Asks: 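The structure's right below; bear with me while I get my questions together.
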Number of protein chains: 2
Amino acid sequence: MLATDPLDGIAVFAAVVEAESFSGAARRLKYSKGAVSTQIQRLEDRLGVRLLNRTTRKLSLTDEGRAFYAHSRRILDEAREAMDALDALDAEPRGVLRVNAPMSFGVLHLGAAIAEFMQAHPAIEVELDLNDRRVDLIEDGYDMAIRIARLPDSSLIARRLAPCRRVVVASPNYWDRHGRPQHPNDLKDHDVMTYAYLDDPGTWTFKGPDGRISVPVKGRLRANNGEVLLDAAKRGIGVDMAPTFFCCDALINGELEIALADFEDDPISVYAVYPHRRHLTTRVRAFVDFLAARFGEDPYWDAWAGSSN
Amino acid sequence: MLATDPLDGIAVFAAVVEAESFSGAARRLKYSKGAVSTQIQRLEDRLGVRLLNRTTRKLSLTDEGRAFYAHSRRILDEAREAMDALDALDAEPRGVLRVNAPMSFGVLHLGAAIAEFMQAHPAIEVELDLNDRRVDLIEDGYDMAIRIARLPDSSLIARRLAPCRRVVVASPNYWDRHGRPQHPNDLKDHDVMTYAYLDDPGTWTFKGPDGRISVPVKGRLRANNGEVLLDAAKRGIGVDMAPTFFCCDALINGELEIALADFEDDPISVYAVYPHRRHLTTRVRAFVDFLAARFGEDPYWDAWAGSSN
DNA sequence: CTCCATTGTTCAAAATAATGAACAATATAT
DNA sequence: ATATATTGTTCATTATTTTGAACAATGGAG
């Protein structure tokens with residue numbers, strides 16, 4: 001590109017500001033450090049202004065740089081929207097769909113779904129990132145994410161894909177040895193395993209005939225990984241509260257058995273969430289529609305229960 | 001620039017759309033045709049979409065191209081604002097000031113003004129385009145223009161720089177031969193020269209003790225150039241209505257003599273006009289301020305009249 | 001219909017930009 | 001204090017882009 005292009009160097013400059021470093025920007029853009037350096041110098045020459053104060057170890061924006069960055073950010077956002085607008089014109093989804101999802105749900109239910117979706121749409125490529133950390137959709141460049149929560153994140157567009165029932169389970173052997181609780185309060189005599197990612201891991205909530213019940217629970221195993229807890233439950237270590245999408249197989253084959261079914265709390269939800277943009281790309285819309293149809297209000301993983309609720 | 005820059009090719013694409021031609025865009029950008037061609041191809045490849053239908057002789061936008069152009073235009077406008085924002089931060093005006101002005105006013109009064117302005121501001125470069133055609137400020141890339149009119153163009157920001165009085169003049173010799181008119185109606189017996197750029201060249205307006213008077217005028221010389229008319233008036237060909245900034249020298253040295261002074265209409269105005277942008281560059285602000293101070297409500301070219309009005 | 005000027009594309013040669021290792025500078029850890 | 005790792009810049013080499021002329025395609029003028 002000729003040096004007279006008014007957009008030249010803006011993307012590199014914004015990357016430097018956001019990475020707060022030339023080297024960081026180079027890594028993010030897959031450039032060389034040298035190229036970033038000359039790119040910024042050229043931009044500064046063209047504008048006749050110093051944008052960045054750089055001492056070998058510390059980087060800071062000048063006043064001019066701060067003003068120019070605000071515009072640069074807007075320019076790049078507009079460019080992203082321009083591409084989204086094109087994607088939104090496609091009848092058939094195309095391109096790369098970048099999805100973030102919780103590890104357990106992804107492994108158990110997204111794999112098959114994605115395979116089927118890709119078969120239906122040959123021009124789609126998928127990049128699936130399974131991760132239980134809370135990611136920043138926009139910052140990290142995802143098109144969308146699957147979130148399991150009580151209420152959707154209001155800063156994002158959310159589409160409910162399925163209910164997520166959670167049930168109290170232990171192995172039949174465990175129940176035989178310790179007795180089957182008839183009321184949530186009976187859990188005080190049990191060894192209850194807790195999941196560290198919850199807001200309040202030490203409290204379980206139920207819904208009885210007289211309304212919601214909260215009971216404190218405790219036990220010998222606390223983990224931030226559902227699979228570990230479920231595995232321990234199967235081995236008779238204790239009682240687990242698990243989403244049905246997660247324990248349905250074990251329920252069917254008898255490794256686990258539900259207790260306190262009459263006290264099951266209202267389900268939380270599986271959501272698809274994506275940033276609020278002017279244009280929703282065809283690939284995101286198509287995938288979300290596909291998942292909503294595939295899971296739905298009566299998801300296949302709750303089939304063991306006979307019918308819904 | 002690496003091919004992953006999301007802004008790559010956008011400026012070239014917009015230029016092609018606006019020039020409605022690859023060759024035209026190449027000329028405007030001072031590129032080669034070939035470079036424009038590859039640039040557009042690369043952009044289309046990157047977006048995976050055809051933006052332009054091109055048959056050797058005719059160019060048209062696809063639906064995708066139209067959508068993408070709207071965004072491209074916004075991106076480039078934002079880039080221009082980014083540069084203006086930097087200029088607006090300067091205390092001292094810098095860079096190139098592109099000015100459009102009417103030929104006659106420019107030659108007589110802008111030359112000296114610009115010279116003085118440049119002396120006061122060493123970092124300023126000026127590109128002066130004298131032209132009596134109506135130019136499109138934004139389209140043609142001017143920072144500002146000087147306009148002489150009754151009312152400012154409301155689509156632009158206008159700053160009144162000076163009044164522009166217009167007086168009826170002829171050579172003393174002419175007046176001696178044909179008699180000095182005492183009332184606008186007397187002009188019907190005179191050979192009146194008319195200026196083709198006016199809305200209604202065949203009607204002159206005056207303001208008498210009883211309000212505004214319009215009289216039809218006609219004569220043997222009609223021209224679209226004020227200098228030709230003024231020259232003819234000096235040679236005794238007929239009567240001219242001329243702006244005082246234009247005929248002041250001839251009035252002082254006696255080549256021309258005013259008639260109907262008591263019927264002089266309200267002055268029109270000399271305006272500085274510039275596009276409405278978020279940031280006014282320091283160079284435009286400084287130049288407009290400078291001109292307003294230099295000309296003002298009592299411009300030096302009306303000094304022959306003693307005092308104002 | 002036949003020129004004719006001009007369009008967009010193509011391709012070898014020339015100009016420009018990116019790479020990647022070497023370098024001096026500087027915070028942090030020991 | 002000293003060592004260390006990482007920063008931003010520089011420079012010769014490599015890779016990419018631009019140029020400019022040749023070319024086929026096309027719409028208008030006579």
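A note on names: the letters A, B, ... follow the listed sequences, proteins ahead of strands, and every chain is numbered from 1. Since this is a predicted model, take the numbers as computed values, not measurements.
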Asks: Starting at CG of A:L43 and ending at P of C:dA17, how long is that distance when rounded to a whole Å?
Replies: 14 Å
Asks: Between P on D:dT19 and CZ on B:R27, what's the gap in Å once rounded to a whole number?
Replies: 15 Å
Asks: At what distance, to the nearest 0.5 angstrom, does CD1 of B:I114 lie from CZ of B:F290?
Replies: 9.5 Å
Asks: To the nearest Å, give me how far apart NZ (A:K33) and P (C:dA21) are.
Replies: 11 Å
Asks: Salt bridge check: are A:D45 and A:R42 linked by an N-O gap of less than 4.0 Å?
Replies: no
Asks: Where each residue is assigned the nucleotide of DNA chain C containing its nearest heavy atom, which of B:Q41 and A:K58 is assigned the position nearer the 5′ end?
Replies: B:Q41
Asks: To the nearest Å, how far apart are B:K30 NZ and D:dT17 C1'?
Replies: 20 Å
Asks: A:Y69 and A:E18: side-chain donor and acceptor closer than 3.5 Å?
Replies: yes
Asks: Whole angstrom is fine here: how far is it from CZ in A:R54 over to C1' in C:dT26?
Replies: 16 Å
Asks: Side chain of B:S32 only, heavy atoms from C-beta on: which candidate in D:dG20, C:dT9, C:dG8 is closest?
Replies: D:dG20
Asks: Atom CD1 of A:I40 to atom P of D:dT10: distance rounded to whole Å?
Replies: 14 Å
Asks: Between the side chains of B:D77 and B:R80, is the shortest nitrogen-to-carboxylate-oxygen separation below 4.0 Å, so that they form an ion pair?
Replies: no
